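Computed from a prediction, not measured in an experiment: that's the story for all the values here. Order of the sequence lines fixes the chain letters, A, B, ..., with proteins taken first and strands second; residue numbering starts at 1 for each chain.
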Protein chains: 2
Amino acid sequence: MARRHRAAPAPATRFDRRLAEILTHATEVFCKKGYEGASMRDLSRASGMSLAGLYYYFESKERLLFLIQKHTFSTIVERLKARLEGVSDPEHKIRIFILNHLEYFLANPANMKVLSHEAEALKNGFASEVAAIKREYYRICVGLLDQLKSDRGLHFPTRIAVLSLFGMMNWIYTWHNPRVDADAEQLAREMSDIFLRGVMAGGRARR
Amino acid sequence: MARRHRAAPAPATRFDRRLAEILTHATEVFCKKGYEGASMRDLSRASGMSLAGLYYYFESKERLLFLIQKHTFSTIVERLKARLEGVSDPEHKIRIFILNHLEYFLANPANMKVLSHEAEALKNGFASEVAAIKREYYRICVGLLDQLKSDRGLHFPTRIAVLSLFGMMNWIYTWHNPRVDADAEQLAREMSDIFLRGVMAGGRARR
DNA sequence: ACTGTGTTCGAACGAACGTTCGAATTATCC
DNA sequence: GGATAATTCGAACGTTCGTTCGAACACAGT
């Protein structure tokens, strides 16, 4: 009957560790079959726990997806902030932004596909909490681009640029094949080149 | 019991017209609730036809999705080919490619979301037939970029560029709001600027 | 009015769905 | 080793799923 409300960050109780295992297996299933397409029985099979046993760790299938998305997104934002610390050149910052995103993407493809592809699957409270993290992540990127614009006197449309960048990066889950495609560093370099030259070339002259 | 195998292109029998109506309504439902999340009863309600009546027009829910995806994708490719005819400048051709994609996207957002978001929902025969059209569309874009590369002596990675471009364009279904965002022409111009400058700036010098 | 074909529907099928519950099992601490 | 709490499970709940079937309806042409 006890449910932990984890204040301590590090120790990780048995409960938390087992929950994390289930989350990992569930992520793979959601990735392969989609949130709606995956049944609780699929999750039970994948995690090696009985159907009823799963409900000791979370109260609904929706909350399980929520836990996956929130953890994934929080981790990305957290790592990004740490990497941006102390860096001041806006171009360098954007390259870090892209590299951070792609590194996590290729290291945790199932997590990122579930985050990208099942973005509309949550409802009400669950949806808004993930949306808040997404908004923060979006605003960070807007901030970096605005800084680049004012530093270099550029005049591209920020919103379109940011969302195009997200599209470039998030679409990866539909095509990346680790056996034929480059690693995160090279991919990030190539995408950064295309994107940064795209917004920086042409400079002040527009329309 | 009769099922038309439409050889005539124009006349459109009553059967074909009614089927097209159902497809339109079904597209909206798939768009809103997802393929797995939409039930046949949802489709019945949306199209104003009884649950059993739907099966007179198609033999399964999966085939319904297939018909939607195939028609949407075929239309895009067909329009693209018509628009590219007679154009020889590769940059212009790529701008036409992007404009064609975005115009259709914003004019038929539900169709394009179902095409983009439910790309993995079909199985076996259905999946491979749509995949064939996708491959053709992809190869056209590769051809345009290769032509641009050889014409201008550029050295960007084609595959990454094409897939980044698709990401930029297809991601739109996650954010475009007709009340705040520009129309297709302006959007296409902005994305074309970012993308084309991205692959053209820097020129021959890479690495 | 009659016949045949195209179209629609109510009712039902078995299967699978998410979730619950009480009992059984396992770990923890005195 | 016995008491207490944490964890797991089999079995079942009521609901909804995609699909089927035979009867009913609509509307030709005769």
Rounded to whole Å, the CG-C1' distance (B:L43 to D:dG18) equals 11 Å
Separation of D:dC21 atom P from B:E59 atom CD, nearest Å, is 14 Å
In Å and rounded to the nearest 0.5 Å, what is the CG to CZ distance from A:L148 to A:F156? 5.5 Å
In Å, rounded to the nearest 0.5 Å, how long is the span from CG of B:L187 to CD1 of B:I98? 10.5 Å
Given atom OH of B:Y55 and atom C1' of D:dT19, what is their separation to the nearest angstrom? 5 Å
Distance test, side-chain N/O of A:Y56 to OP1/OP2 of D:dT8, below 4.0 Å: no
Need to verify one output field. Residue with the more 5' nearest nucleotide on DNA chain D, A:G53 or A:R41? A:G53
Measure from CE on B:M49 to P on C:dG6 and round the result to the nearest Å. 16 Å
Under a 3.5 Å cutoff, is there a donor and acceptor pairing between the side chains of B:D146 and B:T158? yes
A:M40 CE to C:dC17 P: how many Å, rounded? 11 Å
Counting only side-chain N and O atoms of A:S39, is one of them less than 4.0 Å from OP1 or OP2 of C:dA16? no
Candidate nucleotides D:dC9, D:dT19, D:dT7, ranked by approach to the side chain of A:F15 - the nearest: D:dT7
With DNA chain C as reference, determine whether A:L51 or B:G48 sits nearer its 5' end, using the nearest nucleotide of each. B:G48
Honestly, is A:K61 close enough over A:Y35, meaning NZ or CZ under 6.0 Å from the six-membered ring centre and within 45° of the axis? yes
Expressed in angstrom and rounded to an integer, what is the separation of B:L54 atom CG from D:dT19 atom C1'? 11 Å
Let's see if you get this right: which residues in residues 18-38 of chain B place a heavy atom under 4.0 Å from DNA chain D? B:A38
Would you say A:E120 has more than 12 foreign heavy atoms packed within less than 6.0 Å of its CD? no
Quick one: pull up CD in B:E190 and CG in A:L163 and give me the separation to the nearest 0.5 Å. 11.5 Å
Strictly under 4.0 angstrom, non-hydrogen atoms only: write out the protein contact profile of nucleotides 22-30 of chain C, one letter per nucleotide from the 5' end, B, S or -. ---------
A:E62 CD to C:dG18 P, in whole Å, measures 13 Å
Side-chain atoms of residues 38-49 of chain A: list all donor-acceptor pairs with protein atoms under 3.5 Å, sequence neighbours left out, distances to 0.1 Å.
{"residue": "A:S39", "atom": "OG", "partner": "A:R41", "partner atom": "N", "Å": "3.4"}
{"residue": "A:S39", "atom": "OG", "partner": "A:D42", "partner atom": "N", "Å": "3.0"}
{"residue": "A:S39", "atom": "OG", "partner": "A:D42", "partner atom": "OD2", "Å": "3.2"}
{"residue": "A:D42", "atom": "OD1", "partner": "A:R45", "partner atom": "NH1", "Å": "3.1"}
{"residue": "A:D42", "atom": "OD2", "partner": "A:K33", "partner atom": "NZ", "Å": "3.2"}
{"residue": "A:D42", "atom": "OD2", "partner": "A:S39", "partner atom": "N", "Å": "3.0"}
{"residue": "A:S44", "atom": "OG", "partner": "A:M49", "partner atom": "O", "Å": "2.6"}
{"residue": "A:S44", "atom": "OG", "partner": "A:L51", "partner atom": "N", "Å": "3.4"}
{"residue": "A:S47", "atom": "OG", "partner": "A:L43", "partner atom": "O", "Å": "2.8"}

Given B:R95, which partner from the list B:D193, B:D89, B:N100 fulfils the side chain to side chain donor-acceptor pair (under 3.5 Å) test? B:D193
When the distance from OH of B:Y57 to C1' of C:dC9 is rounded to whole Å, what number comes out? 13 Å
So, A:H101 and A:N170: side-chain donor and acceptor under 3.5 Å apart, yes or no? yes
